[in-house]
There are 4 protein chains.
Amino acid sequence: MTAAAPQTKDQRNRLLTAAARCFVKSGFRGARMAQIAAEAQMSTGHIYHYFDSKEQIIAEMVRGHIEEKESIFGRLERAGDQVVDLMVDNLEESVDSSANPFWSALTLEMTAEAMRNPKIADILRTADAEMKARLFTCLGEGSDQEELATRLEIFIALIQGIGIRNIINPKLDLPAVVSIVKEVVENLFRRSKP
Amino acid sequence: MTAAAPQTKDQRNRLLTAAARCFVKSGFRGARMAQIAAEAQMSTGHIYHYFDSKEQIIAEMVRGHIEEKESIFGRLERAGDQVVDLMVDNLEESVDSSANPFWSALTLEMTAEAMRNPKIADILRTADAEMKARLFTCLGEGSDQEELATRLEIFIALIQGIGIRNIINPKLDLPAVVSIVKEVVENLFRRSKP
Amino acid sequence: MTAAAPQTKDQRNRLLTAAARCFVKSGFRGARMAQIAAEAQMSTGHIYHYFDSKEQIIAEMVRGHIEEKESIFGRLERAGDQVVDLMVDNLEESVDSSANPFWSALTLEMTAEAMRNPKIADILRTADAEMKARLFTCLGEGSDQEELATRLEIFIALIQGIGIRNIINPKLDLPAVVSIVKEVVENLFRRSKP
Amino acid sequence: MTAAAPQTKDQRNRLLTAAARCFVKSGFRGARMAQIAAEAQMSTGHIYHYFDSKEQIIAEMVRGHIEEKESIFGRLERAGDQVVDLMVDNLEESVDSSANPFWSALTLEMTAEAMRNPKIADILRTADAEMKARLFTCLGEGSDQEELATRLEIFIALIQGIGIRNIINPKLDLPAVVSIVKEVVENLFRRSKP
DNA sequence: CATGAATGAGCGTTCATTCAT
DNA sequence: AATGAATGAACGCTCATTCAT
């Protein structure tokens, strides 16, 4: 029985993955349910056994997407006072991931959707607030948390901004970008070392 | 006479402004012609006396939007060897403008649309390439233009990224952001001073 | 004053001629008021000083068109007992005129419109009945008017049918057609001559 | 099983039949998709599961209509040297069919549409050329094919012309027409009998 | 008399969603 | 669980008609 009937969770994930591909190709509004169904090799109507509406698919996909990002913050959380080193060491990966058209397109869609869809805005903001709260608990006593928060915002802005630049200018020389960004990050966070 | 017959150009601008408001509210795809017409206090059909299609409105609005940005690059162009000073001095204005939800939302829409609409992508990329070409002609002899280009990309990425962050986290402390970004920009461009 | 202000009748005729050209190009339904106005070198709105509606233009154009045809019947009427000779002699002209794409197209439009627009059907049928009535008063006493009517119907059907054939097969060899049609007409009407 | 799932082909035919009725009532341009849908007892949107566009419906209906006509030519083709006899024998049927307001209206619409829609013109002309080509291969050795072609054109023109006359003058006495047309056809084709 | 900007109902078409099977 | 035929509201766009000038 377990083998015969596909697991609800598997099907949902298959759908979510298919939807992400369609959203990148056509945007949240532009992606058609039929297109998502075809991508997931499923009939259109059957989607509604797993999701109530297109909006729910969007919401869950957004949630899933930021959970992945959360894992990056999780690693930072566990790095203790070597947070900065970890950030610098991971920069290549961070920039590459952010510049991956797939992820940057999704981030773009999500943010744009958040501007007009309060549900999506909530998901994004809640996740964002939680991530920062967690960083605050583990980050340096003795340092100005307000300022640290701002510096982190700038760091995130930079990484996401590079993803967007890469869409407009796909010739962007990523390795060159990474080496300069390392410099920036050092200057951003490594202020008080003797 | 001037009051009697509405000028074609005025009407087009009225429409473009109304469209921009609707695009920010609902996105390029989500904004309805009827909504734009209502916002411009005009009948739906009458829009088509001024524009051939919704797509043309989007394209012209995008063009107009980047022309405004071009003026910033124009100022840098005219700054001669004080480019960096000008950039730092203007940072407050740049960040505020980029963080204005209206403009950052439009930038977001434009970039997202460029991902799926080759016409919009063309407009964006052509303008982008031209702006950078102009900077290259006026910027530092004796400096590595390739690296300068990369540093500029990072600068633009940062400014745009802050705009996006401001959407997700509207509580962003912009003055604090500006003071730290000034530091980053100094470090990005003021390398060779003795 | 008479010279300064264009005569209403002239304007109407200009409009009617322009409309006919548009109707041939695009059909009654397909022709746009703006197209007719442009063809008549007049503003769209000004049409409504001369005609109440598009339908009225169609109706008057149909009326004018069949009045021209009526003149052919008029000539037959005046031909006395040489009707058949006149018909045969005029065949070349009749066929050429009927095969003129301009006129055959208009006839087509008119008949098609008559199928769904009772007003047009009335105009067509009234004119038709009148023409036949006039022929009856001048045509052969001593001949079976019922049968003559049928033969005339067949004659008209043939001439109009050739016009339509010429649309579908524009390579139609009209001179060859004329010579055979002469034969047919002789056989249709010249039965009882000794 | 057969009753449960409606066959695509059945639905298409249902739609085509409904469309034909609407086209006769309102013309190709005048018929509304909603009207066709109602006539086929189907929702508007569902039409688009079977046809890509209104134009495709028109094209397929035209094709189907001339295929039926082709069958008449097929019978003539198989009649060998008794073509003329068959034509005369079938005249009653031919005239009745041509005078059927439904078919003559469709023919009218088709021809009118061919004047402005190249696709429809192509369908009509291709079918026409093919039918004549087939007749040429089976018709009289020893006869002048050029002239025969012209006589056939005249025959077709006459039959179609009668259909149109019947629209303008529905009181047409068809039996009387048939008997005279028989005479015409005999004279048209039965020239060389000893 | 003349203009053309302005209107808005209505068109062909699309697509998220439902439901009989 | 799974299908895909079916729905119908809503979209972008058109165009006959009106009206201020």
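Protein chains get the first letters and strands the later ones, always in sequence-line order, with residue 1 at the start of each. Quick caveat, the model's predicted, so the values are computed rather than measured.
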Which atom pairs, donor and acceptor, lie under 3.5 Å between side-chain atoms of residues 18-28 of chain A and protein residues at least two apart or in another chain?
| unit_1 | atom_1 | unit_2 | atom_2 | d |
| --- | --- | --- | --- | --- |
| R21(A) | NE | E39(A) | OE2 | 2.7 |
| K25(A) | NZ | E39(A) | OE1 | 3.2 |
| S26(A) | OG | Q35(A) | NE2 | 3.0 |

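By the salt bridge (charged side-chain N to carboxylate O under 4.0 Å, His left out) test, R29(B) pairs with E113(B), sequence neighbours left out. Residues passing the salt bridge (charged side-chain N to carboxylate O under 4.0 Å, His left out) test with E60(D), sequence neighbours excluded: R12(D). For R63(A), the side chain to side chain donor-acceptor pair (under 3.5 Å) criterion is met by no residue, not counting sequence neighbours. Looking at residues two or more places apart in sequence or on another chain, you find a side-chain contact (heavy atoms from CB on, under 4.5 Å) between S53(D) and E55(D), Q56(D). Taking the side-chain contact (heavy atoms from CB on, under 4.5 Å) definition, one finds that S104(A) meets it with I167(A), sequence neighbours left out. Not counting sequence neighbours, R32(C) has no partner by the salt bridge (charged side-chain N to carboxylate O under 4.0 Å, His left out) test. Under the side-chain contact (heavy atoms from CB on, under 4.5 Å) criterion, N100(A) pairs with F102(A), W103(A), sequence neighbours left out.
Nearest to the side chain of S43(C), among dT17(E), dT3(E), dT7(E), sits dT3(E).
To the nearest 0.5 Å, the span separating OG1 on T111(C) from CD1 on I164(C) amounts to 7.0 Å.
Annotation: salt bridge (Lys or Arg N to Asp or Glu O under 4.0 Å) contacts involving residues 43-52 of chain B, sequence neighbours excluded, are absent.
We find that CD1 of I36(B) is positioned 10 Å from P of dC13(F), with the value rounded to whole Å. Rounded to an integer number of Å, the gap from E55(D) CD to dT13(E) C1' is 14 Å. Counting to the nearest Å, the C1' atom of dT18(E) and the CG atom of D52(A) are 13 Å from each other. For the pair Q41(A) CD and dA2(F) C1', the computed distance is 15 Å after rounding to whole Å. Between the C1' atom of dA2(F) and the CD1 atom of I47(A) lies a distance of 12 Å, rounded to the nearest Å. Regarding Q7(C), its CD atom lies at a distance of 11 Å from the P atom of dA2(E), rounded to whole Å. Nucleotide dA5(F) holds its P atom 9 Å from the CD atom of Q11(D), rounded to whole Å. Between the C1' atom of dG12(F) and the CD atom of Q56(B) lies a distance of 14 Å, rounded to the nearest Å.
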**Report entry** Secondary structure of DNA chain E in dot-bracket form (Watson-Crick or G-U wobble, distances below 3.5 Å, | marking inter-strand pairs)
**Finding:** .||||||||||||||||||||

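Summarising the local packing, CD of Q41(D) is surrounded by 12 or fewer heavy atoms from other residues, nucleotides or ligands at distances under 6.0 Å.
Residues from residues 22-33 of chain C placing a heavy atom under 4.0 Å of any atom in DNA chain F, listed by number, are A31(C), R32(C), M33(C). Sorted by residue number, the list of members of residues 110-119 of chain D with any non-hydrogen atom under 4.0 Å from DNA chain E is empty.
Remark: Y50(D) is in phosphate contact with dA6(F), judged by side-chain N or O atoms under 4.0 Å from OP1 or OP2. Residue Q35(B) places no side-chain N or O under 4.0 Å from the OP1 or OP2 atom of dC11(F).
Of the two residues contacting DNA chain F, namely K54(C) and Y48(B), the nearest-nucleotide position lying further toward the 5' end is that of Y48(B). Summary of the strand contacts: T44(A) and H49(C) both lie near DNA chain E, and taking for each the nucleotide with the nearest heavy atom, the more 5' one is attributed to H49(C). Comparing H46(D) and G45(B) by the nucleotide of DNA chain E that holds the closest heavy atom to each, the one mapping nearer the 5' end is G45(B).
Using cut-offs of 30° and 60° on the angle between ring planes, the pair H46(A) and H49(A) is tilted.
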